[in-house]
Amino acid sequence: MSIGFTFTGRVKKPETLLVAAQKLAEERGYGVYQREDGLSLSLCPLDGRVYMIWKKEGGLLGQWTVEGECVSTPAGPGLHQAAVEALDALPIQKLHVEDETEYYQHRDFDRMLREHFHPWLKTIVDMLTGQFGDDHTNVCMCWDLDGYMPEDVPGTVITPVGRFSGRWMRETVEHQGIEALAERFFLWYHPGKRDALYNRQVALNLLWEHCYYAPSSRSREDASNNEVVCKNLEMAAMLDRNVPLPRRAYEEICQLARRTPALPEGPELEEEFEPGYRKGLVTCPIGPLRLTLPGSYRYEREQWEDGKGCDLWCDEASHSPIWRVNGYRLSQGEADFTPSLEGDNDLTELEIKDGAIRYGWRALEEGGQPIYQVRAEVVTGPFLFVVTVTHLEPEDRPGIVELIRKITVQTQSVEKQTIQANQ
């Protein structure tokens with residue numbers, strides 16, 4: 001369930017198309033990403049890209065065929081317009097566009113809103129409030145299910161630009177109209193250049209989905225997130241002081257970035273929930289394993305000298321416990337626990353849906369200092385996962401064990417109700 005367009009055409013050679021795309025990107029502040037058989041033109045976040053691939057035709061004088069697409073939800077109608085105008089600027093001959101909104105043909109932005117983007121959003125709200133009611137568990141709307149899952153808050157909807165209650169979405173449409181909800185939901189709602197509302201929505205996407213609420217000194221990723229949040233909100237205020245902004249969150253990020261707040265006086269964006277999925281626990285997928293950890297933990301792939309490695313999570317700024325996970329799959333049969341944990345303290349085994357967990361702990365010494373490890377094995381079907389949590393203080397152990405006991409496995413389709421608008 002999505003809105004977008006596809007296209008086909010021809011070019012004399014891919015290099016000409018690539019040069020034109022790079023020039024367009026420089027003029028309009030887009031990004032270009034080249035592949036061997038194509039490129040993508042990045043217009044905005046939330047996968048706001050025009051994708052295209054090329055293929056050589058037969059014959060000595062054969063040209064190159066080009067085909068591509070742009071999915072403009074959830075980024076919004078502004079992306080749709082900008083993507084169509086990007087096609088106009090590229091040297092694609094015999095261009096044929098299949099645009100379900102017909103905007104490519106009529107170029108009437110308001111008509112596209114009325115006939116497609118507003119009905120699309122209204123349909124989703126009706127599904128949320130009608131099918132699931134007000135007491136459902138998390139419903140994900142346009143959420144990347146290959147990434148982390150935020151904490152469950154009953155009756156709410158998870159989106160890339162914020163958490164909303166189904167009741168609030170329904171009442172907003174009933175009392176203020178679909179336009180009011182569309183302005184809050186779409187990243188690029190207005191036509192033309194990226195305006196104050198666009199900058200605010202980009203900042204909200206970062207604040208909700210990507211920001212760790214950690215000091216900029218912790219990592220380049222934190223520094224970049226914090227800086228982009230501040231710059232977008234400051235740009236929004238400069239373009240239009242009347243646009244409501246998440247000012248409390250802005251001041252929090254300024255402190256983390258050691259940045260002097262620079263927003264002029266203006267309205268606060270008042271909402272049901274404080275920005276930041278990563279301020280709570282998040283659940284990370286590793287194959288069928290679902291590992292729940294503090295959202296402030298950053299992920300990396302740890303490489304070892306023998307060429308192997310493991311998945312690692314920790315918060316470097318707080319000397320947090322370090323979580324390492326290795327996964328193994330049997331070629332035949334079902335996995336079982338190994339003898340590795342049999343000497344550990346407080347060895348415990350529990351059944352979970354479609355699997356089982358065994359865990360214990362041990363004390364070690366490193367460089368003359370005591371360290372501790374909580375170790376666990378998780379089995380589900382042919383999979384064995386080994387989880388090792390290294391920590392410095394024995395007082396950390398109860399919290400680690402609590403998170404170990406939150407581990408689940410998922411061998412079937414995603415259980416949380418999901419409305420995906422990017423498929």
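These numbers come from the heavy atoms of this one structure, side chains and all, not from hydrogens, waters or symmetry mates.
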**Message:** Under 6.0 Å from the ring centre and within 45 degrees of the ring axis: does the NZ or CZ of R107 meet both conditions for the six-membered ring of Y104?
**Reply:** yes
**Request:** Begin with the C-alpha distance, continue with both residues' side-chain angles, and end with the deciding distance and a verdict on side chain to side chain contact (heavy atoms under 4.5 Å, CB included) for H190 and L197.
**Result:** CA-CA 8 Å; H190 291 147; L197 184 64; 3.7 Å; yes
**Asked** Is the distance between the ring centroids of Y277 and W143 under 6.0 Å?
**Response** yes
**Asked** Taking C-beta and beyond as the side chain, do L17 and K12 meet within less than 4.5 Å on heavy atoms?
**Response** no
**Message:** Measuring centre to centre across the rings, with the benzene-like ring taken for any Trp, is F186 within less than 6.0 Å of F117?
**Reply:** yes
**Item:** Value rounded to 0.5 Å, distance of CG in D222 from OG in S216
**Value:** 7.0 Å
**Request:** Mind listing the closest non-hydrogen atom pair of L239 and R194 along with its distance?
**Result:** CD1-O, 4.4 Å
**Item:** Note: D315-R298 ion pair, threshold 4.0 Å (strictly below)
**Value:** no
**Asked** Between F7 and V97, what is the shortest heavy-atom contact and its length?
**Response** CB-CG2, 4.0 Å
**Prompt:** Do the side chains of L18 and V32 get nearer than 4.5 Å, heavy atoms only?
**Reply:** yes
**Salt-bridge present (E252, K279; N to O < 4.0 Å)** = yes
**Message:** Less than 4.5 Å apart, side chain to side chain, heavy atoms only: is that true for R397 and V401?
**Reply:** yes
**Modelled atom types, side-chain donor and acceptor of Q93 and Q63, under 3.5 Å** = yes
**Prompt:** Just how far is it from atom CG of L233 to atom CG of L207, taken to the nearest 0.5 Å?
**Reply:** 6.5 Å
**Pair H391, E393: side-chain N/O donor-acceptor within cut-off below 3.5 Å** = no
**Request:** Walk me through it: do R324 and D311 pass the test salt bridge (charged side-chain N to carboxylate O under 4.0 Å, His left out)?
**Result:** CA-CA 6 Å; R324 292 181 171 89; D311 296 300; over 6 Å; no
**Complete:** Interatomic distance, CD@E179 vs OH@Y189, rounded to 0.5 Å, equals 5.5 Å
**Message:** Can you tell me if R301 has over 12 outside heavy atoms packed within less than 6.0 Å of its CZ?
**Reply:** yes
**Complete:** Checking Y297, W323, Y299 against W313 for ring-ring contact (aromatic ring centres under 6.0 Å, His included), the one that qualifies is Y299
**Asked** Do D240 and R200 sit within salt-bridge range, that is, some charged N less than 4.0 Å from a carboxylate O?
**Response** no
**Prompt:** Rounded to the nearest 0.5 Å, how far apart are OH of Y359 and CZ of R405?
**Reply:** 4.0 Å
**Item:** Presence of salt bridge, D126 and K122, under 4.0 angstrom
**Value:** yes
**Asked** Which atoms form the tightest heavy-atom contact between C44 and A75, and what is the distance?
**Response** SG-CB, 3.8 Å
**Asked** Is a donor on one side and an acceptor on the other found under 3.5 Å between the side chain of T156 and the backbone of V153?
**Response** yes
**Complete:** Nearest heavy-atom contact between R28 and A86 is NH1-N, 4.1 Å
**Asked** Do L204 and P246 come close enough that some side-chain heavy atom pair is under 4.5 Å?
**Response** yes
**Item:** SB check D37 K55 (cutoff 4.0 Å)
**Value:** no
**Prompt:** Is there a donor in the side chain of T411 and an acceptor in the side chain of D354, or the other way round, less than 3.5 Å apart?
**Reply:** yes
**Request:** Ignoring hydrogens and angles, state whether a donor on the side chain of R49 or S40 is under 3.5 Å from an acceptor on the partner side chain.
**Result:** yes
**Message:** Around atom CD of Q105, are there more than 12 heavy atoms from other residues, nucleotides or ligands closer than 6.0 Å?
**Reply:** yes
**Message:** Taking R278 first and then E209, would you say they form a salt bridge - that is, a charged N and a carboxylate O separated by under 4.0 Å?
**Reply:** no
**Item:** Any donor-acceptor pair under 3.5 Å from E98 side chain to F5 backbone
**Value:** no
**Prompt:** Salt bridge check: are R163 and E272 linked by an N-O gap of less than 4.0 Å?
**Reply:** no
**Asked** Quick one: are W120 and T73 in side-chain contact, heavy atoms under 4.5 Å?
**Response** yes
**Prompt:** Is there a donor-acceptor contact under 3.5 Å from the side chain of N232 to the main chain of V228?
**Reply:** yes
**Message:** Check R247 with E265, please: is the shortest side-chain N to carboxylate O separation under 4.0 Å?
**Reply:** no
**Prompt:** When you measure from the side chain of N326 to the backbone N and O of G309, does any donor-acceptor pair fall under 3.5 Å?
**Reply:** yes
**Prompt:** Are Y30 and S42 close enough, and set up right, to give a side chain to side chain contact (heavy atoms under 4.5 Å, CB included), and what steps lead you there?
**Reply:** CA-CA 6 Å; Y30 300 155; S42 179; 5.8 Å; no
**Item:** Min side-chain heavy-atom separation Y51-Y33 under 4.5 Å
**Value:** no
**Request:** Begin with the C-alpha distance, continue with both residues' side-chain angles, and end with the deciding distance and a verdict on side chain to side chain contact (heavy atoms under 4.5 Å, CB included) for M169 and I124.
**Result:** CA-CA 10 Å; M169 297 179 79; I124 290 180; 5.7 Å; no
**Message:** Could you check whether any side-chain N or O of R290 sits under 3.5 Å from a backbone N or O of G287, counting only pairs where one atom can act as donor and the other as acceptor?
**Reply:** yes
**Item:** Y148 side-chain N/O to T292 backbone N/O, donor-acceptor pair under 3.5 Å
**Value:** no
**Item:** Heavy atoms of other groups near E183 CD, more than 12 under 6.0 Å
**Value:** yes
**N/O donor-acceptor pair under 3.5 Å between T380 side chain and F383 backbone** = no
**Asked** What are the two closest non-hydrogen atoms of V409 and G355, and how far apart are they?
**Response** CG2-N, 4.3 Å
**Asked** Do Y372 and P394 come within less than 4.5 Å of each other through their side chains, counting heavy atoms only?
**Response** yes
**Asked** For atom NE2 of H106, is the number of surrounding heavy atoms from other residues, nucleotides or ligands below 6.0 Å larger than 12?
**Response** yes
**Item:** Close aromatic pair by centroid cut-off 6.0 Å: F109 and H80
**Value:** no
**Item:** N345 side, atom CG; T348 side, atom OG1 - distance, nearest 0.5 Å
**Value:** 10.5 Å
**Gap between atom CG of L364 and atom CD of Q369 - 0.5 Å precision** = 13.5 Å
**Message:** Side chains of C211 and N226, heavy atoms from C-beta outward: is any pair under 4.5 Å?
**Reply:** yes
**Request:** Could you tell me whether Q303 atom CD has more than 12 heavy atoms of other residues or ligands within 6.0 Å of it?
**Result:** yes
**Item:** Candidates V125, I178, L181 - the one meeting side-chain contact (heavy atoms from CB on, under 4.5 Å) with T172
**Value:** L181
**Under 3.5 Å: donor-acceptor pair, side chain of Q81, backbone of G192** = yes
**Request:** Would you kindly say whether H210 and N225 are connected by a side-chain donor-acceptor distance under 3.5 Å?
**Result:** no
**Intermediate values then yes/no, side chain to side chain contact (heavy atoms under 4.5 Å, CB included), L312 and I322** = CA-CA 7 Å; L312 182 151; I322 300 174; 3.8 Å; yes
**Complete:** Scanning both residues in full, the closest heavy-atom pair of V11 with I92 reads CG1-CA, 4.1 Å
**Message:** Any carboxylate oxygen within less than 4.0 angstrom of a Lys/Arg side-chain nitrogen, looking at E271 and R184?
**Reply:** yes
**Under 3.5 Å side-chain donor-acceptor pair for H116 and T101** = no
